[in-house]
Engineer: 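Submitted below is the structure of interest, expressed as structure tokens.
Every chain is numbered from 1, with letters handed out A, B, ... down the list of sequences.
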There are 2 protein chains.
Amino acid sequence: MFQSSAPRGVTPSRSRDHNRQLVLGQLQAGGALGRAEIARRTGLSTQAVSNIIAELEGDGLLRVEGTARGSRGLPARQYVLDAAGAYALGIEVRPGALLAALLDLTGRPVWNARLPLARAAPEAVTALLPGLRDSALAAAPGAADRLLGAGVALPGPFGRTGIASDLPGWDGLSAAEVFAPLDLAITVENDANAAALGERIALAPEGVTSFACLYFGTGLGLAIVQDGRLFAGAHGNAGEIGHVPIPTSEGPQPLEALLSRLSVERHLREAGRAAADMDALAALHAGGDPALADWIAGAAGPLGLAAGLIENLLDPQTIVLCGAMPEGIVRALVEVAPLPDRSVARRPDRTQPPLRVGRCSRLAAVIGAGALVLNRTFTPALAA
Amino acid sequence: MFQSSAPRGVTPSRSRDHNRQLVLGQLQAGGALGRAEIARRTGLSTQAVSNIIAELEGDGLLRVEGTARGSRGLPARQYVLDAAGAYALGIEVRPGALLAALLDLTGRPVWNARLPLARAAPEAVTALLPGLRDSALAAAPGAADRLLGAGVALPGPFGRTGIASDLPGWDGLSAAEVFAPLDLAITVENDANAAALGERIALAPEGVTSFACLYFGTGLGLAIVQDGRLFAGAHGNAGEIGHVPIPTSEGPQPLEALLSRLSVERHLREAGRAAADMDALAALHAGGDPALADWIAGAAGPLGLAAGLIENLLDPQTIVLCGAMPEGIVRALVEVAPLPDRSVARRPDRTQPPLRVGRCSRLAAVIGAGALVLNRTFTPALAA
DNA sequence: TTGAATACACAACCTTGTTGAGTTATTCCG
DNA sequence: CGGAATAACTCAACAAGGTTGTGTATTCAA
């Protein structure tokens with residue numbers, strides 16, 4: 001599915017696309033800004049920014065929100081993103097369910113749904129799409145002709161041609177075909193990468209643009225974001241941290257055997273607990289279940305090792321944990337994980353915590369799927 | 001020293017820069033090409049390519065080399081890089097020596113020098129620069145007004161402000177000041193990153209643009225190259241793989257305690273061998289020294305683990321080993337390293353070997369330092 | 001009240017890439 | 001052997017987008 005694409009020549013219209021994205025990205029990260037301020041931040045002339053803003057305002061993507069006061073000179077009109085100016089549809093396919101969410105331009109989910117899937121067969125998914133689309137659009141009046149596209153999150157890793165290999169029957173399929181009934185531009189990513197872009201929207205106002213994201217899915221995934229863009233590797237499968245061997249008293253074991261939902265479920269089952277879903281897990285944690293506390297204590301070490309690996313290899317601003325694991329448990333893991341004292345990321349002027357809790361919920365990847373589309377709208381193609 | 005810079009707006013002249021780089025990059029990777037072929041590869045119109053080529057030819061960066069034959073239609077004039085069209089100066093500062101190399105436009109070193117440094121004090125380096133520059137220019141007549149700039153490789157990791165922290169007395173210095181006597185545009189990188197860009201030039205014709213580079217320096221460094229650009233992390237210090245703990249029979253040890261020049265030297269010293277420099281090491285290896293064979297056997301396991309980590313986390317096309325380790329030893333390591341059988345990079349259609357031997361010599365980082373400058377000339381700023 | 005500072009609009013201009021018509025050289029095929 | 005097909009390349013007109021210079025409105029401070 002993924003193919004590292006060759007860089008293309010720049011034409012005037014591609015320049016404009018880039019600069020539009022740049023302006024939108026400033027507003028996403030910086031809140032309300034005036035034209036002159038945007039011009040200073042982007043290095044464009046105020047005139048260029050003015051033209052672009054007029055265009056974006058015409059498209060309904062932004063609107064004036066008051067004027068700046070308190071400084072000399074003509075007060076600047078402040079622009080903000082218009083949440084209702086555009087929408088993105090996020091879809092997540094899991095072995096047991098199809099999830100969907102509709103995000104507004106600011107990344108807030110305005111609608112979401114979860115449909116059980118007996119088998120995650122492509123035809124079954126395709127059949128559900130028209131109804132899904134209708135429900136989503138019914139939730140947001142006016143969104144119909146303002147849909148930027150649809151993002152799809154699938155369990156990775158991907159094969160070179162075709163889609164996901166973790167879902168049975170999907171190998172070698174074209175995403176465009178399976179999701180054709182949506183009649184939208186389709187962007188596909190693995191669940192961890194999608195979730196990371198979902199987190200990016202929340203982190204952008206804090207100035208976090210380069211980070212790693214540990215994602216609890218079926219196993220444990222890692223997404224790497226650099227300057228707001230995904231680091232995908234040569235074939236789109238970077239971040240398979242779950243396979244990394246971790247030394248234990250019983251010899252090396254894959255990280256995801258120690259730190260994942262399957263791991264906690266197995267541990268609890270062996271202790272005689274039933275923890276079929278996230279709610280049950282959260283309840284156990286809230287109740288101070290000793291078996292769960294035991295698992296957390298055992299998983300904290302591997303998490304610390306993984307954090308050390310990631311910091312040393314990737315030097316991120318922070319590492320975000322998200323995905324299908326109750327927030328309380330993730331918070332507990334973050335609090336007790338023993339971080340390595342020697343790391344290039346352990347710098348005195350660091351402002352971000354080494355580990356932080358992200359959007360921990362079933363919705364992390366669906367929201368991320370929608371964010372795939374928004375990200376394309378906000379992140380300029382031009383590298384620094 | 002490193003600062004992740006914000007993306008900037010695109011202006012017509014920046015577009016031209018990008019497209020010039022794109023054209024040069026095609027010639028670097030693809031050898032002799034005609035205008036129409038370049039246009040097809042870059043997605044630009046033939047006219048745009050024609051204009052750019054005329055400009056580049058005027059600047060002396062490329063020249064016609066014959067015409068294509070054997071196909072229908074007007075035979076295409078083939079263009080190649082003109083090696084003597086531009087030069088880049090590479091400088092490497094080590095604790096014991098100052099190295100320099102002059103690269104032509106194709107990345108070939110046309111001159112190099114090694115000056116001993118009692119103390120690698122900044123003032124001592126600054127004092128040597130004018131002489132160095134003169135010697136380099138004397139070796140390549142006409143290079144004086146065709147110098148693109150100077151690249152500087154320093155042992156990392158870097159502090160946020162100022163230069164290298166591994167070299168005593170350099171912390172907090174500005175590279176522009178220390179290297180001001182060169183009167184050239186200065187680009188600074190850590191040694192592993194520089195070496196990786198040196199390898200990139202050699203790998204580009206094979207279509208390798210995303211790879212990792214394990215570098216033998218004082219310790220062990222890792223550089224990550226994605227689409228021809230360095231992955232630097234949030235603060236420029238990605239790739240500190242030497243600190244990663246590796247399980248051994250005596251408990252976890254940092255990778256660079258098992259796989260580095262210091263490691264092999266210590267091992268040989270304990271066995272009563274003297275192996276002060278690379279020549280001595282190479283001689284021992286050629287002579288089939290059992291203590292050295294012993295070290296290689298012991299280091300192969302950690303190398304395999306490191307390769308597994310890198311493949312799973314970064315999904316590169318290949319992993320290149322280079323730096324201050326005799327080529328024969330590196331070759332032996334690559335041959336016996338046990339690679340993990342489970343890895344996202346282990347794909348059926350893979351064309352590159354998982355591990356390969358790079359430019360193993362004292363010069364890897366100096367050449368890479370020069371390549372820093374060439375890379376800027378060849379790699380477009382536009383991401384895919 | 002006056003002047004400095006600041007945001008912004010308008011218009012002319014520059015750079016760059018695209019498009020379409022026309023030229024030239026080579027191969028293919030009758 | 002000669003015409004048709006093919007492909008590379010050039011020239012000229014055009015379009016898109018950004019910059020620069022000039023002018024105006026609005027606010028703060030002296």
Side-chain angles (χ1 to χ4, degrees), chain A residues 7-24 26-27 30 32-59 62-79 380-382, chain B residues 7-23 26-27 30 32-59 62-80 380-382:
Chain A
R8 287 214 326 254
V10 175
T11 65
S13 82
R14 295 233 308 151
S15 291
R16 171 60 78 116
D17 281 347
H18 172 90
N19 289 341
R20 271 177 67 122
Q21 290 167 14
L22 200 57
V23 169
L24 286 173
Q26 293 297 325
L27 292 181
L33 293 172
R35 304 175 148 168
E37 179 58 26
I38 295 173
R40 276 189 297 268
R41 294 191 185 199
T42 57
L44 290 170
S45 62
T46 58
Q47 189 53 51
V49 173
S50 252
N51 295 339
I52 290 167
I53 282 195
E55 202 178 271
L56 291 173
E57 209 175 359
D59 292 348
L62 43 81
R63 61 164 202 273
V64 179
E65 188 164 87
T67 52
R69 307 212 46 120
S71 74
R72 251 192 209 190
L74 198 159
R77 260 171 292 172
Q78 302 295 99
Y79 289 87
L382 243 176
Chain B
R8 285 215 326 255
V10 175
T11 65
S13 82
R14 295 235 306 152
S15 290
R16 172 60 81 124
D17 282 347
H18 171 89
N19 290 339
R20 272 177 65 124
Q21 290 166 14
L22 200 58
V23 169
Q26 294 296 327
L27 294 180
L33 293 173
R35 302 172 158 185
E37 178 58 27
I38 295 173
R40 276 188 297 270
R41 294 190 184 200
T42 56
L44 290 170
S45 63
T46 57
Q47 188 54 50
V49 172
S50 253
N51 294 341
I52 290 167
I53 282 195
E55 200 179 275
L56 292 172
E57 207 175 359
D59 290 348
L62 43 81
R63 60 164 203 273
V64 179
E65 188 163 86
T67 53
R69 307 211 47 118
S71 74
R72 260 193 202 188
L74 198 160
R77 260 172 293 171
Q78 302 294 99
Y79 288 86
V80 293
L382 243 177

Engineer: What are the two closest non-hydrogen atoms of B/Q26 and B/L33, and how far apart are they?
Structural biologist: O-CD1, 3.8 Å

Engineer: I need the CZ-P distance between A/R72 and C/dT2, as an integer number of Å.
Structural biologist: 17 Å

Engineer: Just the rounded figure in Å: distance from C1' of C/dT24 to CZ of B/R77.
Structural biologist: 11 Å

Engineer: If we ignore angles and hydrogens, is there a donor and acceptor under 3.5 Å between the side chains of A/E55 and A/N51?
Structural biologist: no

Engineer: Is any side-chain heavy atom of B/R41 closer than 4.5 Å to a side-chain heavy atom of B/L22?
Structural biologist: no

Engineer: Distance check: side-chain N/O of B/R40 vs OP1/OP2 of D/dA8, anything under 4.0 Å?
Structural biologist: yes

Engineer: Expressed as a whole number of angstroms, how long is the span from B/R16:CZ to C/dT18:P?
Structural biologist: 11 Å

Engineer: Without swapping roles, check the side chain of A/N19 against the backbone of B/G9 for a donor-acceptor pair under 3.5 Å.
Structural biologist: no

Engineer: Can you find a side chain N or O atom of B/S50 that sits less than 4.0 Å from OP1 or OP2 on D/dT10?
Structural biologist: yes

Engineer: Nearest nucleotide by nearest heavy atom, which residue falls closer to the 5' end of DNA chain C, B/A48 or B/G73?
Structural biologist: B/A48

Engineer: Ignoring backbone atoms, establish whether B/S45 has a side-chain N or O less than 4.0 Å from OP1 or OP2 of C/dT18.
Structural biologist: yes

Engineer: Taking 4.0 Å as the cut-off, does a side-chain nitrogen or oxygen of B/R69 come that near to OP1 or OP2 on C/dT27?
Structural biologist: yes

Engineer: Between A/I52 (CD1) and C/dA9 (P), how many Å, whole number?
Structural biologist: 14 Å

Engineer: How would you label the contact of A/N19 with the nucleic acid (heavy atoms, under 4.0 Å): base, sugar-phosphate, or nothing?
Structural biologist: sugar-phosphate

Engineer: In whole angstrom, what separates B/L74's CG from D/dA8's P?
Structural biologist: 9 Å

Engineer: So for A/Q47 and C/dC10, does any side-chain atom that can act as donor or acceptor lie under 3.5 Å from a complementary atom in the base?
Structural biologist: yes

Engineer: Could you give the CG-to-C1' distance, from A/L22 to D/dG18, as a whole number of Å?
Structural biologist: 14 Å

Engineer: Respond yes when some side-chain nitrogen or oxygen of A/R35 is under 4.0 Å from OP1 or OP2 of C/dA9, and no when none is.
Structural biologist: yes

Engineer: Pick base, sugar-phosphate or nothing for A/T46, based on heavy-atom distances below 4.0 Å to the nucleic acid.
Structural biologist: nothing

Engineer: Between B/G34 and B/Q78, which heavy-atom pair has the shortest distance, and what is it?
Structural biologist: N-OE1, 3.6 Å

Engineer: Can you tell me the distance, in whole Å, between the CZ atom of B/R14 and the P atom of D/dT19?
Structural biologist: 11 Å

Engineer: Starting at the 5' end of DNA chain D and moving along, which residue's nearest nucleotide shows up first, A/T11 or B/G34?
Structural biologist: B/G34

Engineer: I need the CG-P distance between B/L44 and D/dC9, as an integer number of Å.
Structural biologist: 15 Å

Engineer: Which part of the nucleic acid, if any, lies within contact of A/R20, taking any heavy atom under 4.0 Å across all strands shown: a base, the sugar-phosphate backbone alone, or nothing?
Structural biologist: nothing

